[in-house]
Amino acid sequence: MQQGRIVSTSPQYPGDVVASLAAATPDQVNAAFKTARLVGQSWSRMPSPERAGALQRAAQGVADAASELAELITREVGKPISEARGEVVRAERILHYYAQLAYESDGETYPSAGAGHLLFSRRRPHGVAGLITPWNFPVAIPVWKAAPALAVGNSVVLKPAPEASSTGLRLGEILQESLPAGVVHVLVGGAQVGVAVVDGADVVSFTGSSVVGREVQVRCADRGVSAQCEMGGLNAAIVMPDADTVAAARMIANAIAGYAGQKCTATRRVVVVGSPDAFAEALRNEVERLPLGDPADPGTVVGPVITERARQRISDAVAATVASGGELMTRGDLPTGAGWFVRPALVIGAPDDAVLNQEEVFGPVCTVTSAATLSDAIDLANAVPYGLVGSVHTQSLSAAIEVAERLETGLVRVNEGTTGVDFHAPFGGMKASSFGPREQGKAALDFFSKTVTVTISPG
Ligand code: NAD
């Protein structure tokens, strides 16, 4: 990618240039922050019903453009159309949800320490929220950051991932049509523009890789600005001997390879308690049955990966894991035809320090290992730098409780795949997966505001 020029191409038809745009210049970044800060003052003072109304209009705007947005997501980042449609519906619901939360109590009262005193706390927005987002959920992630930021009265400067520039700009237009001019800005660009947004913002919400997230944390700490960073995962699914094999294998196969494994919550490691062979075979069958192909086909589950470089990294990581002692259970060939398609890969018996067991490889790849006891399986699941989500598949309540208590992850799912997020509940991970307060749900309102404690005496 040329410095200063952002080109996004379709992963399934790499000759299809979806966007070719000039990256935002430093002057444009400064102008966006200047306007956002100025206009943000009246936006923050606007009565809640008006802010709620604007978010409702934005929800309607997303609903009206649903087909167009879903098709654009599919074209630009190769997400299977059925999932892309689901993502757009989710974005609409998130906007409705935070429109209602604009009416949420914005503080608390306290018993006063002095006669006749009134003591209360109240939220205030930070000012301009800088939002940096990845390409894999190019509508839902910007919306789940922007909606709570706006609901509590911040203005927003969003920098979408370069690979999803066109989708980010189109989403920005929809939000801009519903909100007062100058409250929402979308700046196209790569790392340099990302740095400028981090450096200009009063509060920063980032989602992306752990390497970049760490850099964002340091820059924000240096300026004393609140930051939340949601980053990678190396998520484990633990399968107990009493699990419903067919149901668990189907669920886990989808969590491994749906959207070609390009979700931070995708299952990357399966740990079978007891002998792994029967479950591994059931899983292999399910993974190989997943329809792979053109993401515009509603039946497709596994589309392409985002770039040629990503495809190379995936096949290198599988080869390195096999070289270190794992056995490839699935077909290892590359699908023919245009596009960055890669066949889902399961590797069984790889050592704990194999690449796929220690590094987040963003593709439809997963290891299968075994553990003698549930306790050993939990230790294995925890033995990585990440801690986003984990699942356990079992009929045993005590096993479910033990996993929920001991897994070092921000999300624990019982008899559910690791993928899937409830936007009205707190979301985030532990260890290298997450930094700062949770996002989504009501937790997001706290992050995007600061509390002022007021004492009023009768005078
Ligand atoms: P990335 O880290 O490469 O980029 C994320 C964003 O940061 C992009 O907009 C990018 O342009 C910007 N950026 C790059 N360098 C920057 C810098 N120095 N300063 C500021 N911004 C900078 O990630 P990606 O490839 O777009 O997305 C894939 C990653 O995102 C995976 O690691 C995945 O696990 C993670 N992810 C996490 C979650 C979650 O909620 N935990 C959700 C989706 C994706």
Side-chain angles (χ1 to χ4, degrees), residues 1 3 6 8 11 21 23-24 29 76-77 79 87 90 130-145 157-165 167-169 186-201 204-220 222-223 225 227-235 259-268 305-307 309-310 313-314 359-363 384-389 409-411 418-423 426-436 438-440 443-444:
M1 197 172 289
Q3 196 71 25
I6 298 301
S8 93
L21 305 154
V29 176
E76 192 166 37
V77 299
K79 179 170 288 194
E87 179 175 344
R90 175 144 56 121
L131 312 180
I132 315 272
T133 54
W135 50 265
N136 64 337
F137 286 84
V139 168
I141 292 182
V143 165
W144 85 46
K145 292 181 187 300
V157 174
L158 164 69
K159 197 211 73 69
E163 298 87 342
S165 298
T167 310
L169 282 174
V186 179
L187 297 174
V188 166
Q192 275 181 357
V193 180
V195 167
V197 169
V198 169
D199 286 350
V204 172
S205 182
F206 166 89
T207 298
S209 61
S210 295
V211 173
V212 176
R214 222 164 283 137
E215 212 181 307
V216 171
Q217 289 162 36
V218 171
R219 293 192 88 84
C220 289
D222 198 41
R223 288 202 305 122
V225 161
Q228 79 186 166
C229 298
E230 289 306 332
M231 300 167 282
L234 201 46
N235 314 305
Y259 187 20
Q262 298 172 113
K263 301 177 188 176
C264 54
T265 51
T267 299
R268 310 272 181 223
V305 296
I306 189 76
T307 56
R309 198 162 139 248
R313 171 150 199 254
I314 293 161
E359 288 175 27
E360 184 195 48
V361 175
F362 220 53
V384 292
Y386 295 98
L388 187 55
V389 52
T409 56
L411 303 152
T418 51
T419 51
V421 172
D422 295 302
F423 63 77
F427 175 83
M430 294 184 186
K431 304 194 281 193
S433 292
S434 223
F435 173 85
R438 294 289 183 247
E439 57 180 358
Q440 308 203 51

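First listed ligand is number 1; within each ligand, the first listed atom is number 1.
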A.B. asks: Identify the closest protein heavy atom to atom 2 (O) of ligand 1: which residue and atom is it, and at what distance?
C.D. replies: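 Checking every protein heavy atom, the shortest distance to atom 2 (O) of ligand 1 gives Ser209 OG, 2.6 Å.
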
A.B. asks: Look at the aromatic rings of Trp144 and Phe137 and report parallel, tilted or perpendicular, splitting at 30° and 60°.
C.D. replies: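 Ring orientation of Trp144 relative to Phe137: tilted.
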
A.B. asks: What residue and atom, counting heavy atoms only, is the protein's closest point to atom 40 (O) of ligand 1, and at what distance?
C.D. replies: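 Ranked first by proximity to atom 40 (O) of ligand 1 is Phe427 CE2, 3.1 Å.
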
A.B. asks: Between the candidates Pro134, Ala310, Ser433, which shows the shortest non-hydrogen contact distance to atom 27 (O) of ligand 1?
C.D. replies: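 Heavy atom nearest to atom 27 (O) of ligand 1 belongs to Pro134.
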
A.B. asks: Is the closest basic N to carboxylate O distance between Arg313 and Glu359 below 4.0 Å?
C.D. replies: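 Yes, this pair counts.
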
A.B. asks: Check each heavy atom of Ile306 against ligand 1 and say whether those closer than 4.0 Å belong to the side chain, the backbone, both or neither.
C.D. replies: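 Neither; no heavy atom under 4.0 Å.
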
A.B. asks: Indicate, as side chain, backbone, both or neither, the part of Ser210 found under 4.0 angstrom from ligand 1 when only non-hydrogen atoms are considered.
C.D. replies: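 No part of Ser210 comes within reach of ligand 1.
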
A.B. asks: I need the nearest protein heavy-atom contact for atom 9 (O) of ligand 1: residue, atom name and distance, please.
C.D. replies: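 For atom 9 (O) of ligand 1, the nearest protein heavy atom comes out as Thr133 O, 2.8 Å.
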
A.B. asks: Considering only protein heavy atoms, which is closest to atom 25 (O) of ligand 1, and at what distance to one decimal place?
C.D. replies: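 That would be Trp135 NE1, 3.1 Å.
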
A.B. asks: Quick one: look up the protein heavy atom nearest atom 16 (C) of ligand 1 and list residue, atom name and how far away it is.
C.D. replies: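 That would be Val212 CG1, 3.3 Å.
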
A.B. asks: Between the candidates Val421, Leu131, Val216, Ile132, which shows the shortest non-hydrogen contact distance to atom 7 (O) of ligand 1?
C.D. replies: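 Of the listed residues, Ile132 has the closest heavy atom.
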
A.B. asks: Does Ser434 come within less than 4.0 angstrom of ligand 1, counting non-hydrogen atoms of the residue?
C.D. replies: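 No; Ser434 lies far enough from ligand 1 that no heavy-atom distance drops under 4.0 Å.
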
A.B. asks: Rounded to the nearest 0.5 Å, what separates atom CD1 in Ile132 from atom SG in Cys229?
C.D. replies: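 So the CD1 of Ile132 and the SG of Cys229 are separated by 9.5 Å.
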
A.B. asks: Nearest protein heavy atom to atom 32 (O) of ligand 1, by residue and atom, and its distance?
C.D. replies: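 Of the protein heavy atoms, Glu360 OE1, 2.7 Å lies nearest.
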
A.B. asks: Identify the closest protein heavy atom to atom 21 (N) of ligand 1: which residue and atom is it, and at what distance?
C.D. replies: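 Minimum-distance protein heavy atom for atom 21 (N) of ligand 1 reads Gly194 CA, 3.5 Å.
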
A.B. asks: Tell me whether the NZ or CZ atom of Lys159 lies within the 45° cone about the ring axis of Phe206 and under 6.0 Å from its centre.
C.D. replies: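 Verdict for Phe206: no cation-pi partner in Lys159.
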
A.B. asks: Look at atom 4 (O) of ligand 1 and say which protein heavy atom is nearest, naming residue and atom and giving the distance to 0.1 Å.
C.D. replies: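 Closest protein heavy atom to atom 4 (O) of ligand 1: Gly208 CA, 4.6 Å.
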
A.B. asks: For ligand 1, is any non-hydrogen atom under 4.0 Å from Ile141's backbone (N, CA, C, O), its side chain (CB onward), both, or neither?
C.D. replies: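 Side chain only.
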
A.B. asks: Please tell me whether Lys263 and Thr419 have a donor and an acceptor in their side chains that are separated by less than 3.5 angstrom.
C.D. replies: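 There is no such pair (donor and acceptor under 3.5 Å, judged by atom type) between the side chains of Lys263 and Thr419.
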
A.B. asks: Can you list the atoms of ligand 1 that are under 4.0 Å from a heavy atom of Val195?
C.D. replies: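 Numbered from 1, ligand 1 contributes 17 (C), 18 (N), 19 (N), 20 (C).
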
A.B. asks: Verify the contact flag for atom 30 (O) of ligand 1, where contact means a protein heavy atom under 4.0 Å away.
C.D. replies: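 Yes, there is a protein heavy atom closer to it than 4.0 Å.
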
